[in-house]
Amino acid sequence: MIDFDTLVLGPAYGTFGQPAVLTLGQASFDLTVIDNTRGVTVDEAGSIGVQTIRPAADVRRSDMTRLGFTARDLVDGEIAFGDTSWIIKTVLEQGQELRLILIQSS
């Protein structure tokens with residue numbers, strides 16, 4: 001079986017990713033994200049065929065598994081990368097990656 005996470009996502013995150021700090025409760029964790037804060041198309045919950053543009057960041061599912069977190073654990077957490085802190089509003093599961101839908105922290 002081909003290890004997609006190691007062979008594809010590892011090098012992609014190594015090249016295009018940027019360091020981030022995930023804060024859940026009182027604990028903080030270093031990880032790498034792909035910055036999509038310029039916006040990605042997201043289907044609106046409860047709507048049929050309505051889409052919107054939201055800032056997002058992608059993380060490797062293997063990183064979350066290694067840290068012992070599920071997608072549900074990330075909601076309302078905070079993630080900081082670049083010069084900005086973001087609140088995680090929802091998480092979309094996309095195979096070997098998780099897409100964090102964000103709102104800028106005040």
Side-chain angles (χ1 to χ4, degrees):
M1 177 181 231
I2 296 175
D3 186 350
F4 185 82
D5 182 67
T6 300
L7 294 174
V8 177
L9 293 181
Y13 276 72
T15 301
F16 301 109
Q18 60 181 289
V21 176
L22 172 68
T23 303
L24 299 172
Q26 299 296 319
S28 295
F29 308 91
D30 294 324
L31 55 107
T32 302
V33 300
I34 301 290
D35 182 355
N36 289 307
T37 55
R38 289 187 177 167
V40 296
T41 303
V42 177
D43 292 327
E44 283 293 320
S47 298
I48 298 176
V50 177
Q51 296 179 327
T52 188
I53 304 295
R54 299 274 187 224
D58 294 335
V59 298
R60 292 167 69 182
R61 183 184 298 272
S62 62
D63 286 346
M64 295 300 99
T65 300
R66 178 178 46 82
L67 293 172
F69 297 117
T70 65
R72 193 175 332 171
D73 297 329
L74 303 176
V75 175
D76 293 327
E78 185 171 317
I79 191 161
F81 54 94
D83 294 329
T84 308
S85 291
W86 304 88
I87 302 297
I88 302 167
K89 296 310 291 176
T90 192
V91 178
L92 304 175
E93 300 192 45
Q94 302 185 144
Q96 297 294 321
E97 294 179 289
L98 300 175
R99 176 156 285 169
L100 312 177
I101 306 301
L102 309 171
I103 187 166
Q104 194 166 354
S105 180
S106 51

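Note that the structure is a prediction, hence the values are computed from the model and not measured.
- Applying the salt bridge (charged side-chain N to carboxylate O under 4.0 Å, His left out) test to residues at least two apart or on different chains, the pairs with a partner in residues 83-106 are Asp58-Arg99, Arg61-Glu93.
- Rounded to the nearest 0.5 Å, atoms CD1 (Ile34) and OH (Tyr13) are 5.0 Å apart.
- When all heavy atoms are compared, the tightest approach of Thr23 to Gly25 is CG2-O, 3.6 Å.
- Among residues two or more places apart in sequence or in another chain, the side chain to side chain donor-acceptor pair (under 3.5 Å) test is passed with Ser62 by Asp5.
- With side-chain heavy atoms closer than 4.5 Å counting as contact, directly or through intermediates, the hydrophobic cluster containing Ile103 also holds Ile87.
- Atom OG1 of Thr65 sits about 11.0 Å away from atom CZ of Arg60, to the nearest 0.5 Å.
- Applying the salt bridge (charged side-chain N to carboxylate O under 4.0 Å, His left out) test to residues at least two apart or on different chains, the pairs with a partner in residues 63-72 are Asp63-Arg66.
- The side chain to side chain donor-acceptor pair (under 3.5 Å) test applied to Gln96 returns no partner, not counting sequence neighbours.
- Closest approach of Val21 to Ser28, counting heavy atoms only: CG1-CB, 3.9 Å.
- Closest approach of Ala56 and Val40 over heavy atoms only: CB-CG2, 3.7 Å.
- When the shell of 6.0 Å around CG of Leu7 is examined, it contains more than 12 heavy atoms from other residues, nucleotides or ligands.
- Using a 4.5 Å cut-off between side-chain heavy atoms of Ile, Leu, Val, Met, Phe, Trp and Tyr, Leu102 falls into a hydrophobic cluster with Leu22, Leu24, Phe29, Leu31, Val33, Val59, Met64, Leu67, Phe69, Leu74, Val75, Ile79, Phe81, Trp86, Ile88, Val91, Leu98, Leu100.
- Between Gln18 and Gly82, the closest heavy-atom pair is OE1-N, 3.5 Å.
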